[in-house]
Amino acid sequence: MKSSDFLISTVKEAPNDAQIISHQLMIRAGLISKLASGLYSYLPIGLKIIQKVEKIIRQEMNKSKALELLMPVAQPAELWQESKRWEEYGPELLRFKDRHERDFCMGPTHEEVITTIAKQYIRSYKQLPINFYQIQTKFRDEIRPRFGVMRSREFIMKDAYSFHIDKKSLGETYQVMHQTYCNIFDRLGLDYRPVLADSGAIGGDSSHEFHVLAESGEDAICFSDDSSYAANIERAETLPQGEPNAPKQELEIAHTPGVKTIDDVCNLLKISPKKSIKTLIVEGTDDNLIALVLRGDHELNEVKAAKLDGVKNPLQMAEETKVLKQLGCSFGSIGVVNLDIPIFVDYAAAHLSDFVCGSNKDDEHYIGVNWQRDSKKIVASDIRNVVAGDPSPDGKGKIEIKRGIEVGHIFQLGTKYSDSMNANVIGEDGRAVYMNMGCYGIGVTRIIAASIEQNNDDRGIIFPQAIAPFELVIVPINYNKSSRVKALADQLYMDCIEQNIDVLIDDRKERPGIMFADSELLGIPHRLVISDTHADNGKIEYKSRMHPDKVEIDFKEAVSFIVDKLD
RNA sequence: CGGGGCGUAGCGCAGUCUGGUAGCGCACUUGACUGGGGGUCAAGUGGUCAGAGGUUCAAAUCCUCUCGUCCCGACCA
């Protein structure tokens with residue numbers, strides 16, 4: 001490709017709505033262009049990158065025996081009503097009517113459609129297992145689109161759906177997909193980790209997420225420092241800590257006028273938050289109130305809490321007016337002594353002795369509280385987020401926490417959709433059974449942002465070779481004035497094309513500094529520079545985007561030198 | 001949905017408080033010089049100041065409403 005035939009739309013300054021480095025660089029390098037909130041056009045150079053990512057995904061998916069197909073973006077409401085998700089999904093599902101006033105939605109995912117296809121064409125266990133995938137545009141009307149294509153409303157996703165006669169077969173394909181995902185992310189040159197995940201609203205049993213490690217990641221990932229344990233913080237478990245110590249202090253009232261927060265209580269009473277508890281009130285399933293108790297320095301894990309018996313799922317914090325009416329105090333003064341509603345206590349809080357808590361009266365707190373002596377029977381549970389330093393749930397090592405960008409997610413769905421949509425096959429024994437399903441997603445466009453988050457410097461993007469928009473850039477100095485440079489550069493360009501190198505020759509009438517800066521901003525991995533001074537002695541200059549040093553090589557060997565680098 | 005910010009040329013911004021000729025840098029066009037790290041000089045192009053209504057002799061500027069956009073929170077396959 002010649003620069004003069006292409007669109008190089010680099011800019012010095014990114015728009016001020018670009019917050020994170022990948023978003024800024026994608027705008028500055030001219031990969032994307034914003035159309036509206038969460039909607040981006042991919043300019044020619046951005047599309048080249050997408051196509052390279054897709055190629056790797058296709059190759060590995062095909063290798064896993066998955067079959068590519070393509071389903072519609074627009075989907076009829078009937079399908080979603082059948083799976084009950086028309087009601088469950090909420091405003092993230094973009095709904096609209098056609099000219100006949102029939103309800104439709106833009107597909108945020110395709111379980112319903114693929115299940116319909118499977119229902120139609122898969123009749124016998126002999127056709128199973130089978131795994132369909134597509135690479136296609138999804139639309140989710142995100143509450144808050146942000147970070148460019150990292151969390152956009154419209155995005156490209158590879159989604160796969162497998163069908164099985166039983167759970168065993170599903171488990172086998174799940175393992176194959178786990179390995180396939182590792183192969184894909186390896187080839188994409190990403191620093192990533194598979195982690196245990198909550199399966200969320202999609203339902204099902206077993207689930208792993210694949211996270212690219214990056215400071216800007218929206219998820220917290222927990223690792224053991226001494227084993228392979230890794231889990232999303234939503235899912236990472238904490239362990240019971242045994243019986244608390246025997247009481248040493250008497251139960252006493254402390255006056256705490258106007259004090260509401262844990263910080264204020266602890267400052268006033270000169271204790272550590274680790275010796276206090278906080279009591280959160282949530283809605284129960286019968287319009288009742290339920291107390292969740294955490295150590296003062298810990299955070300509630302809403303995913304875990306929503307799964308407790310009698311607690312409304314999804315979790316809903318109680319209104320303060322309702323709390324005031326039923327418990328007689330405001331949020332900051334709730335405590336566990338004489339609290340007459342169901343109480344779930346986090347393991348760490350249940351392990352405390354002689355602690356501080358609210359008294360269920362404003363402006364007073366209890367000190368010297370002890371569970372056995374001062375509170376009614378409680379249920380100890382795992383309801384908090386793990387923190388760095390917690391013991392790993394597998395008993396080996398301690399937990400470390402890092403940030404991650406979710407680029408892949410695999411689920412074992414079981415029969416959730418085949419059941420509600422009546423997708424069955426005839427088994428070996430001649431009886432109809434619901435098919436087990438798995439589903440497997442990769443965020444194609446998010447991968448590009450994630451890769452840039454991991455690979456950049458003060459000059460711009462440093463693309464891994466596998467997804468770089470070009471493998472090589474030729475920068476001729478004085479191309480438009482020096483006929484000798486032009487002849488050599490053109491020859492080199494033709495030779496590269498002959499070797500199937502994805503090469504860009506910068507034949508613009510620009511000063512060298514601009515061409516260097518653009519090639520670095522775009523993250524092209526290899527660069528050859530031709531000038532009159534080099535031409536004099538039959539040399540050419542090579543520079544890798546990864547290394548600061550330039551090297552001189554013989555002009556005649558330049559192409560084979562690059563071919564070697566690309567292998 | 002709640003709280004906050006912003007909206008002036010393609011991009012980054014000043015001007016708004018205190019009403020009176022719409023500006024700067026980058027980019028873009030033309031020319032000259034220059035030619036290995038975003039160069040210099042000169043001359044240009046480009047704006048319903050987000051939109052609507054109001055106050056006023058006069059509104060980018062004051063008032064009201066609407067829209068867009070970003071941040072924080074709640075939400076999230």
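A, B, ... follow the sequence lines: proteins, then strands. Residue 1 opens every chain.
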query: Any cation-pi pair here, A:Arg95 with A:Trp86, using under 6.0 Å and within 45°?
result: yes

message: Need one value for A:His534: base, sugar-phosphate or nothing, where a base atom within 4.0 Å counts as base even if backbone is also close, heavy atoms only.
response: base

Distance, rounded to the nearest Å, where A:Met515 contributes CE and B:rG36 contributes C1': 9 Å

query: For A:Arg144 and B:rC72, is the shortest distance between a side-chain N/O and OP1 or OP2 below 4.0 Å?
result: yes

field: Spacing of the C1' atoms in B:rA60 and B:rG20 (rounded, Å)
entry: 13 Å

- prompt: With a 4.0 Å cut-off on heavy atoms, is A:Glu520 in touch with a base, just the backbone sugar-phosphate, or nothing at all?
  reply: base

task: Heavy atoms under 4.0 Å is the rule here; annotate nucleotides 42-49 of chain B 5' to 3' with B where the base is hit, S where only the sugar-phosphate is, and - elsewhere.
output: --------

Candidates A:Glu88, A:Glu112, A:Lys416 - the one meeting side-chain hydrogen bond (donor to acceptor under 3.5 Å, both in side chains) with A:Ser83: A:Glu112

message: With a 3.5 Å distance limit and no angle check, can you tell me whether A:Arg28 reaches the backbone of A:Lys12 through a side-chain donor-acceptor pair?
response: yes

query: On a plain distance test, is the side chain of A:Glu541 in donor-acceptor contact with the base of B:rG36 below 3.5 Å?
result: yes

At a cut-off of 3.5 Å, list every protein nitrogen or oxygen paired with a nitrogen or oxygen from nucleotides 1-4 of chain B, distance to 0.1 Å.
none

- prompt: Atom OH of A:Tyr542 to atom C1' of B:rG36: distance rounded to whole Å?
  reply: 18 Å

- line: Whole-Å distance, A:Leu94 CG to B:rC75 C1', equals 17 Å

- request: Report which part of the nucleic acid A:Val529 touches: base, sugar-phosphate, or nothing (heavy-atom distance under 4.0 Å, all strands).
  value: base

- prompt: Any salt bridge between A:Asp536 and A:Arg484, counting N to O under 4.0 Å?
  reply: yes

- request: Run the salt-bridge test on A:Lys119 and A:Glu82 with the 4.0 Å N-O cut-off and return the result as yes or no.
  value: yes

field: Among B:rG38, B:rC70, B:rC76, the nucleotide that comes nearest once only the side chain of A:Arg28 is considered
entry: B:rG38

message: Which nucleotide wins on minimum distance to the side chain of A:Arg511, given the candidates B:rC76, B:rU34, B:rG36?
response: B:rU34

- line: Rounded to whole Å, the NZ-P distance (A:Lys34 to B:rG10) equals 16 Å

field: Watson-Crick or G-U wobble partner of B:rG46, both distances under 3.5 Å
entry: none

message: Can you tell me the base-pairing partner of B:rG20? Count Watson-Crick or G-U wobble geometry only, both distances below 3.5 Å, and say none if there is no partner.
response: B:rC57

- request: For nucleotides B:rG46 and B:rG25, find the distance between their C1' atoms and express it as a whole number of Å.
  value: 15 Å

- prompt: Given that both distances must come in under 3.5 Å, which nucleotide forms a Watson-Crick or G-U wobble pair with B:rA32?
  reply: B:rU40

message: Between P on B:rG36 and CG on A:Asn478, what's the gap in Å once rounded to a whole number?
response: 7 Å

message: Whole angstroms only, please: what is the CD1-P distance between A:Ile233 and B:rC76?
response: 16 Å

query: Between A:Lys278 (side chain) and A:His298 (backbone), is there a donor-acceptor pair under 3.5 Å?
result: yes

- prompt: Expressed in angstrom and rounded to an integer, what is the separation of A:Arg508 atom CZ from B:rA27 atom C1'?
  reply: 13 Å

task: Return yes if some donor-acceptor pair links the side-chain N/O of A:Arg446 with the main-chain N/O of A:Met150 below 3.5 Å, else return no.
output: yes

- prompt: With both distances kept under 3.5 Å, what pairs with B:rG68, Watson-Crick or G-U wobble?
  reply: B:rC6

message: Classify A:Pro108 by what it touches in the nucleic acid, base, sugar-phosphate, or nothing, heavy-atom distance under 4.0 Å.
response: base

message: Quick test of your reading of the model: are A:Glu54 and A:Lys158 salt-bridged, counting only N-O distances below 4.0 Å?
response: no

Every protein N/O lying under 3.5 Å from an N/O of nucleotides 12-15 of chain B:
{"residue": "B:rG12", "atom": "OP1", "partner": "A:Asn16", "partner atom": "N", "Å": "2.9"}
{"residue": "B:rG12", "atom": "O2'", "partner": "A:Glu13", "partner atom": "OE2", "Å": "3.2"}
{"residue": "B:rC13", "atom": "OP2", "partner": "A:Asn16", "partner atom": "ND2", "Å": "2.7"}

- prompt: Side chain of A:Ser37: nearest nucleotide among B:rG38, B:rG36, B:rC70?
  reply: B:rC70

field: A:Asp141 side chain vs A:Leu94 backbone, donor-acceptor pair below 3.5 Å
entry: no

query: Where along residues 153-162 of chain A does a heavy atom fall under 4.0 Å from RNA chain B?
result: none

message: Say we look at B:rG51 and B:rG68: how far apart would their C1' atoms be, to the nearest angstrom?
response: 10 Å

field: Heavy-atom closest contact (A:Ala214 atom, A:Ile405 atom, distance)
entry: CB-CD1, 3.7 Å

message: Can you tell me the base-pairing partner of B:rA74? Count Watson-Crick or G-U wobble geometry only, both distances below 3.5 Å, and say none if there is no partner.
response: none

message: Can you list everything that forms a salt bridge (Lys or Arg N to Asp or Glu O under 4.0 Å) with A:Lys322? Sequence neighbours excluded, please.
response: A:Glu283, A:Asp287

task: Using side-chain hydrogen bond (donor to acceptor under 3.5 Å, both in side chains) as the criterion, point out the one residue from A:His208, A:Glu209, A:His409 that pairs with A:Asn232.
output: A:Glu209

message: Tell me whether A:Lys34 is salt-bridged to A:Asp17, with the criterion being a basic N under 4.0 Å from an acidic carboxylate O.
response: yes

task: Mind checking ring pair (Phe, Tyr, Trp, His ring centres under 6.0 Å) for A:Phe155 and listing every partner two or more places apart, or none if nothing turns up?
output: none

- request: Give one of base, sugar-phosphate or nothing for A:Glu302, where a contact means two heavy atoms less than 4.0 Å apart.
  value: sugar-phosphate

statement: Closest of B:rC76, B:rC26, B:rU34 to the A:Lys12 side chain is B:rC26

- line: Among the nucleotides B:rU34, B:rC72, B:rC76, whichever has the atom closest to the side chain of A:Arg151 is B:rC76

Between P of B:rA74 and CE of A:Met317, the distance in whole Å: 11 Å

query: Do NZ/NE/NH1/NH2 and the carboxylate oxygens of A:Arg58 and A:Glu68 come within less than 4.0 Å?
result: yes

task: Using atom types as modelled and distance alone, determine if a side-chain donor or acceptor of A:Lys486 lies under 3.5 Å from a backbone N or O of A:Asp490.
output: no

- line: Closest to the 5' end of RNA chain B, once A:Ala36 and A:Arg140 are matched to their nearest nucleotides, is A:Ala36

query: Do A:Arg459 and A:Asp457 meet the salt-bridge criterion of a basic N to acidic O distance under 4.0 Å?
result: no

